[in-house]
Amino acid sequence: MRILISNDDGYLAPGLIALADALASIADITVIAPESNRSGSSNSLTLDRPLSLHSTANGYYFVNGTPSDCVHLALTGILLDAKPDLVVSGINQGQNMGDDTLYSGTVAAATEGFLFGVPAIAFSQVEHGWKNVDAAALAARDIVQRRFEALQKPFLLNVNIPNRPYDELTKTVATRLGKRHVSEPVIKMQDPHGRDIYWVGPIGAAKDAGEGTDFHAAQQGWISITPLQVDLTHSVQLSALKEALA
Ligand code: MN
């Protein structure tokens, strides 16, 4: 099995290294990750300048671009003759649940694989801080090894793993995305010259964390797996719109 690994925290992130180490024992891996932390970059592609590919002493590649750039570059160039069987992304520092999935570069790297017809899995650790990241990597390897033959291909899975020791990661559940409240207000500050500057505020708390959601699973200490799709068409609104335009 060939696995392409990327992330949005950058090629030096402990979550990426732990994941690559865990998957190297079961697959041929290629790591292509952003040069710097590109969390929150969503599915953006860099179109206004060329991209450079560099390699590290341990065989990773890094790119001065976004997570989507990395996977795009891999699938349309570097790995043309060695197409991966799976794209994995992460392990992200911090949860990607509910609406986070729209902003997440971690999910976006997986989505880029999915859009090219390759099954893909995004992995995130629920709490910040990398605690038990090696346990999360082992759990991620277990999930990769399940292969999910029963699912339609390509599949796109979003996985959130609680920061717990491996022997406490005993339950894995299928979930739907929950919802968050809107983000906290932007934070207004002044730069050293007295000019107003603004920092985007923290994400909102969970609003729909009901049973069956990714938020609920994480609260129980369970591993959450949500199958994602990309078609944003609202079919009920489509019918209403068709009637309105008739
Ligand atoms: Mn990140």
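Ligands are counted one by one from 1 in listed order, and the atoms in each one are counted from 1 as well. Position 1 is the first residue of the sequence; numbering continues from there. Side chains are part of it too, since the values below use all heavy atoms of this structure and drop only hydrogens, waters and symmetry mates.
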D196: partners by side-chain contact (heavy atoms from CB on, under 4.5 Å), with sequence neighbours left out
K188, Q190, Y198

Near the Mn ion (ligand 1), meaning under 2.8 Å, how many protein N/O/S atoms are there?
4

When you measure from the side chain of S89 to the backbone N and O of V107, does any donor-acceptor pair fall under 3.5 Å?
no

State which residues pass salt bridge (Lys or Arg N to Asp or Glu O under 4.0 Å) with R195; sequence neighbours excluded, sorted by chain then number.
D191

Considering residues, nucleotides and ligands other than R146, do more than 12 of their heavy atoms fall under 6.0 Å from its CZ?
no

With a cut-off of 6.0 Å (strictly less than), are more than 12 heavy atoms of other residues, nucleotides or ligands near OH of Y103?
no

Please list, chain by chain and in numerical order, all residues satisfying ring-ring contact (aromatic ring centres under 6.0 Å, His included) with H181, sequence neighbours excluded.
none

